Amino acid sequence: MTRSAPRVDAVLVQAVIAGALSFAHLHDLAAAAGQNGWKAWAYPISVDLLLVAAWRRLRSGGSKTAAWCWFLVALTASLGANVATAGLLDLGAVPAWLRILVAGWPAVAFLGGTLLVHASPKPEETPAQEEGNTAPAAPSAPELPDAEPEPAPASTAPVPPALVALARKVADEHRARTGTGIDTSTLRARLGVPLPLAEAIAAQLT
């Protein structure tokens, strides 16, 4: 049984070529901006790592806004180096603003990588929550009609004779002034007693 030859992934080959060229352009731009030796090689690694971190954040399903922001920042740095080293920029006389950007890139890349890697993940639902989301809601119990309030029992407390005498005097004064008998509410207000007691006193005045 013969084994078939391994197939070459064209996309992977293209990615390796693009990465190698971009790596070289970033190195040349960093070296032209005054970053010599190992520092010039660290710049393309920093850009590629930020691209990878942003891409992984996009694939993880977390905050896509921050991931797209840092992905575009790293992509701009890579494309900018490719364009700058294509003959549009004199690498022998790099402008001051570009030197400033190159010098400040490590801090920017560190900030972006830290925010992407250590961002809080989206909380996952627990099994109980997932079961609660799919289980049908329990039928609510039928509402019962409100019970009618029971009438308050009449007061059976004995009424002091002195209070009855005072109430009789108040009732007589009310009849002499108005010509009508005093009602329970007025008697209660004049004596300052609770309603059950006023009703008991009124019952003894009749």
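Keep in mind that this is a model prediction, so the values were computed, not measured. Just so it is clear, the values below take in all heavy atoms, side chains as well, and ignore hydrogens, waters and symmetry mates.
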| task | Kindly indicate, with the supporting measurements, whether the criterion side-chain contact (heavy atoms from CB on, under 4.5 Å) is fulfilled by Arg190 and Glu173. | result | CA-CA 11 Å; Arg190 294 288 301 276; Glu173 292 177 354; 3.9 Å; yes
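Annotation: side chain of Leu195 is in contact with side chain of Thr184 (closest heavy-atom distance under 4.5 Å). Using a 4.5 Å heavy-atom threshold, the side chains of Thr180 and Arg175 count as separate. For the pair Leu50 and Phe71, the minimum side-chain heavy-atom distance is 4.5 Å or more.
Val47 and Leu111 fall within the same hydrophobic cluster, where Ile, Leu, Val, Met, Phe, Trp and Tyr residues are linked whenever their side-chain heavy atoms come under 4.5 Å apart, directly or through other members. Side-chain heavy atoms closer than 4.5 Å link hydrophobic residues (I, L, V, M, F, W, Y) into clusters, and following such links, possibly through other members, connects Leu51 to Trp68. Tracing side-chain contacts under 4.5 Å through hydrophobic residues (I, L, V, M, F, W, Y), one never reaches Trp55 starting from Val52; they form parts of separate clusters. When the side chains of ILVMFWY residues are joined at heavy-atom separations under 4.5 Å, either directly or via intervening members, Phe110 and Trp38 end up in two distinct hydrophobic clusters.
Residues Val102 and Ala30 come closest through the heavy atom pair CG1-CA, 4.3 Å. The two residues Ala74 and Trp105 have their closest heavy-atom pair at CA-CH2, 4.2 Å. Residues Ala54 and Trp70 come closest through the heavy atom pair CB-C, 4.2 Å. Between Arg188 and Pro194, the shortest heavy-atom distance links the atoms NE-C, 3.7 Å.
Without hydrogens or angle criteria, Thr186 side chain to Ile182 main chain gives no donor-acceptor distance under 3.5 Å. Between the side chain of Arg99 and the backbone N or O of Ala33, at least one donor-acceptor pair lies under 3.5 Å. With hydrogens and angles disregarded, no donor-acceptor distance shorter than 3.5 Å links the side chain of Ser46 to the backbone of Ala42.
Of the inter-residue distances, the one linking Asp183 atom CG with His174 atom NE2 reads 6.0 Å to the nearest 0.5 angstrom.
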